[in-house]
Amino acid sequence: MNKQTKVWLVLSIALSLLAISSSCGGNKTEGPAPNTNGGAATAAKWTGGTGSISGVVSFNGTPPAPKKIDTAADPVCGQKNPNLMTDDTMVKDGKLANVFVYIKEGTVEGGKKLADYSWDTPTTEVQLDQNGCHYAPHVLGVMVNQKLKITNSDATQHNIHPTPKLNQEWNQTQPNGAPPIEKAFNRAEILIPVKCNQHPWMKAYIGVMKTPLFAVSSDTGAYEIKGVPPGKYTVIAWREGQTPEEKPMEVTVTANGSAKADFSFGAAATSSIKPSLQMMPAIEFPMLGKH
Ligand SMILES: [Cu+2]
């Protein structure tokens, strides 16, 4: 092989590696795809029978004990809620609450992708209340553009401040006695952290979904996703944390069937599958650096 051939060989390998690396760069949850045909919604609606996915979320090992929150910064909080505790790991009898379980993607019976279907935006609103200087619920889901109604049940002022990555960030005070604040998010996002600028311990998480195919585990760890078209799906269980944890599971649903999918978090579960966002081929191309 002469020198010129070698140079061309190296160049073409480098180019094809570049192509591979750029094609694997977009592996994140993205907002709605732009509608390219003049604005008419073309996505089909599923009209056939549906099934459900349900299960229980467990916590293995000893959960971190809830800590008492020092509410001295606002005496009103302490008066109403003298035993305010952290709520990032709510475990009862080994079952974990506040896990957001949703269908990420999959193939619906008949061969189309789940993303090829659309669902109407519910006309019902979802409520996020501030009560005792605590968000209730702590984890909730809405559909894209569904109304979120934020209420203040406290005799003090709150300042609701979601910090999304894909949606518009906002930050609004709500004095005691103020009317509900109504908002919506126009892009799908897993999940938006919400804080209160008045009370740094207040936290909530809002999942914004294109489908109604999600649920949050209750204080018994149980969840149920209803209205699922028959198909084969990747279901994700999402749990808050410094780095949120995501556990994927493949689940097959039949019409009128009820599929079971149990998840577990906690110490003993660390050897299970890594978050789906990180399930990329473990191939590194040193010449291209990290991407
Ligand atoms: Cu507050």
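For ligands, and for the atoms within them, numbers begin at 1 and follow the listed sequence.
Comment: Asp88 does not engage Lys203 in a salt bridge, judged by the lack of any side-chain N to carboxylate O separation of less than 4.0 angstrom. A salt bridge is absent between Lys149 and Glu182: the closest approach of a Lys/Arg side-chain nitrogen to an acidic carboxylate oxygen does not fall below 4.0 angstrom.
Around the Cu ion (ligand 1), the protein atoms of type N, O or S found under 2.8 Å away are His158 ND1, Cys196 SG, His199 ND1, Met202 SD, listed by chain and number.
In this structure, Cys133 and Cys196 have their SG atoms no less than 2.5 Å from one another.
Between the side chains of Glu169 and Thr163, no donor N or O sits under 3.5 Å from an acceptor N or O.
Relative ring orientation between Tyr205 and His138 is described as perpendicular, the plane-to-plane angle rising above 60° on a 0-90° scale split at 30° and 60°.
The distance from the CE atom of Met209 to the CZ atom of Phe185 is 14.5 Å, given to the nearest 0.5 Å.
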